[in-house]
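Before any comments, here is the structure.
Position 1 is the first residue of the sequence, and the numbers go up from there. Both backbone and side-chain heavy atoms feed into the values below; hydrogens, waters and symmetry mates do not. Not measured: the values here are computed from a predicted model. Counting starts at 1 for both ligands and their atoms, in listed order.
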Amino acid sequence: MYTTPKRVAAIHDLSGFGRCSLSVILPAMSAMGVQVCPVPTAILSTHTGGLGEVVLRDLTDYILPCLEHYKKIGVDFDCVYSGFLGSVEQVDHCLDFFHSYPEALAVVDPVMGDHGKPYKTCSEDIRRRMIELVSIADIITPNLTEAAILLGEEYRRTPLTRGEAKSLLARLSERGPNFVVITGAALAEGVMANLGYDRQRNYYWCVQCDYVPVSYPGTGDLFAAVLTASFLTGDSLPIAMSRATRFLEIAIKTTFSYGTDPRFGVMLESAIPYLTEHDVQQNYSLL
Ligand code: PXL
């Protein structure tokens with residue numbers, strides 16, 4: 001039976017080259033049968049990860065009039081999903097979006113940094129406002145750098161014990177979201193994993209993934225997009241985590257095998273058919 005697709009407002013930047021943000025979120029979620037309405041916060045020639053001087057057009061003053069238009073014509077959303085935000089005003093406008101659709105699933109990917117370093121755009125003001133955004137979210141998807149920034153803690157370079165991982169997830173959940181998913185965590189037992197927590201049920205989840213010694217931009221965006229689409233279309237949190245983890249593993253390992261320039265991102269084009277598979281993914285375990 002065909003039902004009308006779930007509809008998502010995706011508030012992110014649009015980077016033309018380098019396969020991140022809306023450039024990858026749109027095709028990934030569409031392939032999974034979810035209608036994505038992009039709300040671009042800025043247009044960039046490339047991402048900001050080492051591809052020279054970026055050409056940028058800020059669209060901060062677009063977000064609110066866009067929201068007003070949607071409200072005027074009665075467009076409803078099943079989910080509002082935010083990502084990379086370049087200024088305090090953009091975070092404020094995102095909050096307006098979330099507040100305008102209180103019934104919608106609120107997904108916040110608190111994009112602020114990676115590999116222990118905050119992005120250049122991540123000021124103290126942005127950090128403070130991002131914490132507010134996180135407080136109204138149902139699901140957040142930080143990496144370990146962003147988890148540390150949100151909690152105001154030092155980034156830890158050493159692998160986490162299971163106890164430390166659970167404590168991190170629980171403390172992030174105390175900031176507001178019922179579901180917390182931490183991406184790319186090295187565990188003390190020698191594996192890489194994506195970790196999840198469902199506060200209501202008090203269950204901690206772990207989905208292991210293979211380690212690949214190269215890091216690609218946009219993989220956090222893709223993970224959050226696949227997780228969100230999976231969850232929205234009826235998967236449970238651990239199954240959505242399993243689906244997103246497996247897809248990223250395919251995209252990353254395919255790309256790594258070709259040895260392309262990491263700054264160009266993952267070869268989404270060849271991986272995308274895997275998103276149309278409806279087999280149940282359940283390679284999760286309890287943490
Ligand atoms: O993938 C995160 C991201 C999104 N948008 C822009 C970025 C980055 C990471 O570098 O530069 C513009």
Non-hydrogen side-chain atoms of Thr183 and Leu248 separated by less than 4.5 Å: no
Tyr70 to Pro38 - nearest heavy-atom pair and separation: OH-O, 4.5 Å
Between ligand 1 and the protein, give all atom pairs where both partners are nitrogen or oxygen and the distance is under 3.5 Å, as lines of names plus distance to 0.1 Å.
residue, atom, partner, partner atom, Å
ligand 1, 1 (O), Asp221, OD2, 2.7
ligand 1, 5 (N), Asp13, OD1, 2.7
ligand 1, 5 (N), Asp13, OD2, 3.4
ligand 1, 11 (O), Thr48, N, 2.8
ligand 1, 11 (O), Thr48, OG1, 2.6

Aromatic contact, Phe17 with Phe264 (centres under 6.0 Å): yes
Pair His12 and Tyr81, ring centroids less than 6.0 Å apart: yes
Any pair counted as salt bridge (charged side-chain N to carboxylate O under 4.0 Å, His left out), so long as it reaches residues 276-287, sequence neighbours left out: Arg246-Glu277
Criterion side chain to side chain donor-acceptor pair (under 3.5 Å) against Asp125, the qualifying member of Arg127, Arg129, Arg128: Arg128
